[in-house]
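Quick note: numbers below take in every heavy atom, side chains included, and nothing from hydrogens, waters or symmetry partners. Order of the sequence lines sets the chain letters (A, B, ...), proteins ahead of strands, with each chain counted from 1.
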2 protein chains.
Amino acid sequence: MTVEDGTSPTPGYCADTGTDYDVSQWDTREGCEVRQILDRVADKWSLLVIALLERRTLRFTELRRAIDGVSQRMLARTLRHLERDGLVSRTVYATVPPRVDYRLTDLGCTLHETIKSLVTWTEAHQSEIATARATYDRRTAAEQAEAERAAAERDAVARRVLTELG
Amino acid sequence: MTVEDGTSPTPGYCADTGTDYDVSQWDTREGCEVRQILDRVADKWSLLVIALLERRTLRFTELRRAIDGVSQRMLARTLRHLERDGLVSRTVYATVPPRVDYRLTDLGCTLHETIKSLVTWTEAHQSEIATARATYDRRTAAEQAEAERAAAERDAVARRVLTELG
DNA sequence: CGGTATCCCCTAAGATACTG
DNA sequence: CAGTATCTTAGGGGATACCG
């Protein structure tokens with residue numbers, strides 16, 4: 001079967017740290033639900049698939065064309081994962097040529113709603129983020145320039161000393 | 001400088017598909033804000049760091065010990081990214097031994113609030129997900145068993161034919 | 001059409017060692 | 001203590017070929 005799976009059946013203990021606040025919810029280890037869902041949500045193509053499917057039911061090839069850049073393999077994998085988690089349902093019609101429809105389940109819809117709040121947050125704060133990045137980049141660039149200047153100076157001093165000695 | 005960076009300055013066009021609903025918001029390409037934030041939120045350690053820092057300011061080593069499994073390199077990288085995005089602030093005290101404090105910015109706090117809704121969603125639906133997975137796994141296991149049985153049968157028929165012919 | 005199976009590459013992340 | 005630099009490895013993901 002060559003298990004190349006996303007949610008491997010690791011031992012998965014999650015309740016370990018005896019702190020008052022449940023940080024274990026954020027644990028990176030497999031077996032932690034939040035982590036699993038987050039990984040599913042965050043992987044390269046899932047979001048696009050979910051966003052597209054909320055609008056209407058789509059066939060495999062329709063998704064493939066809509067997404068632009070996704071390989072057949074990755075789209076299939078993504079859909080299998082979403083299906084396994086109950087977020088997307090798969091309907092096969094025994095016609096010829098075969099036809100397979102994908103649609104968001106109710107669960108998938110509620111997840112999409114939740115994700116949207118993250119989108120909303122991003123939209124609301126993207127200018128702040130952009131500013132922060134610009135500031136950070138400017139500062140680090142300045143620091144690097146200064147470091148190089150200092151290094152050059154040390155070098156010059158070293159050369160001068162050697163010349164005087166030689 | 002050996003740019004091993006998360007948010008590379010790719011050309012990054014985002015507004016392309018002329019559809020009514022802004023699916024481009026979900027695009028996987030760099031330059032898409034939602035994607036960038038999601039990547040930041042979703043990567044292996046960021047969430048843990050954010051969750052821990054909301055409780056109180058922490059030093060590098062405190063984070064390192066608290067997280068368990070993070071390498072020094074990855075923690076440093078994660079913190080640099082979060083700092084660049086303005087989610088975490090870094091304070092260096094010119095003492096000896098050196099001391100560096102990390103704390104969540106206001107922006108970081110609001111993000112944490114937003115992320116919590118995803119945690120809430122997960123908590124609310126994790127039993128549904130577990131059920132979906134169990135159902136899926138049972139079904140696929142059954143399908144595989146059936147496929148193997150059918151293959152064995154075909155094999156037996158083939159052998160019998162060969163025997164009768166020989 | 002709607003997929004699997006196979007190969008392969010490249011990068012992200014871990015391990016290790018060194019520095020201010 | 002709080003990092004950076006360097007090397008190495010695992011696996012995510014693309015390309016290709018084939019199957020029902």
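- Listed nucleotides: D/dA2, D/dG14, C/dG2. Nearest to the side chain of A/Met74: D/dG14.
- The separation between A/Glu83 atom CD and C/dG2 atom P is 15 Å, rounded to whole Å.
- Nucleic acid contact for B/Arg64: none, since no nucleic acid atom lies under 4.0 Å from a heavy atom of the residue.
- Computed from coordinates, the B/Phe60 CZ to C/dT19 P distance equals 18 Å when rounded to whole Å.
- Look at CZ on B/Arg90: it is 8 Å from C1' on D/dG3, rounded to the nearest Å.
- Dashed line: the shortest gap from a side-chain N or O of A/Tyr102 to OP1 or OP2 of C/dG3 is under 4.0 Å.
- Using a 4.0 Å cut-off, no side-chain N or O of B/Ser71 falls inside it from OP1 or OP2 of C/dA15.
- Heavy atoms only, all atoms of each residue included: B/Thr78 and B/Ser46 are closest at CG2-OG, 3.6 Å.
- Side chain of B/Lys44, nearest nucleotide from C/dG14, D/dG3, C/dG3: C/dG14.
- The side chain of A/Arg73 places no N or O atom within less than 4.0 Å of a non-bridging phosphate oxygen (OP1 or OP2) of C/dA5.
- When all heavy atoms of A/Leu75 and A/Phe60 are compared, the closest pair comes out as CD2-O, 3.7 Å.
- Residues B/Asp85 and A/Tyr136 are not in side-chain contact: their nearest non-hydrogen atoms beyond the backbone lie 4.5 Å or more apart.
- Aromatic ring centres of A/His112 and B/Trp26 lie closer together than 6.0 Å.
- Listed pair B/Arg80 / D/dG3 meets the phosphate criterion, a side-chain N or O lying under 4.0 Å from OP1 or OP2.
- The NE2-P distance, from B/His81 to D/dG3, rounds to 14 Å in whole Å.
- The distance from atom CG of B/Leu75 to atom P of C/dT16 is 18 Å, rounded to the nearest whole Å.
- Of the side-chain N and O atoms in B/Arg77, none sit less than 4.0 angstrom from OP1 or OP2 of D/dT4.
- If you measure from atom CG of A/Asp43 to atom P of D/dG13, you get 7 Å, rounded to the nearest angstrom.
- The distance between atom CZ of A/Arg40 and atom P of D/dG12, rounded to the nearest whole Å, is 11 Å.
- Across the protein-nucleic acid pair, B/Tyr93 atom OH and C/dG20 atom C1' stand 20 Å apart, rounded to whole Å.
- Remark: the A/Gln72 side chain and the A/Arg77 side chain contain no N/O donor-acceptor pair separated by less than 3.5 Å.
- For A/Pro98 and A/Ala76, each mapped to the nucleotide of DNA chain C holding its nearest heavy atom, the one lying further toward the 5' end belongs to A/Pro98.
- Between B/Trp45 and C/dG14, a side-chain N or O to OP1/OP2 separation shorter than 4.0 Å is present.
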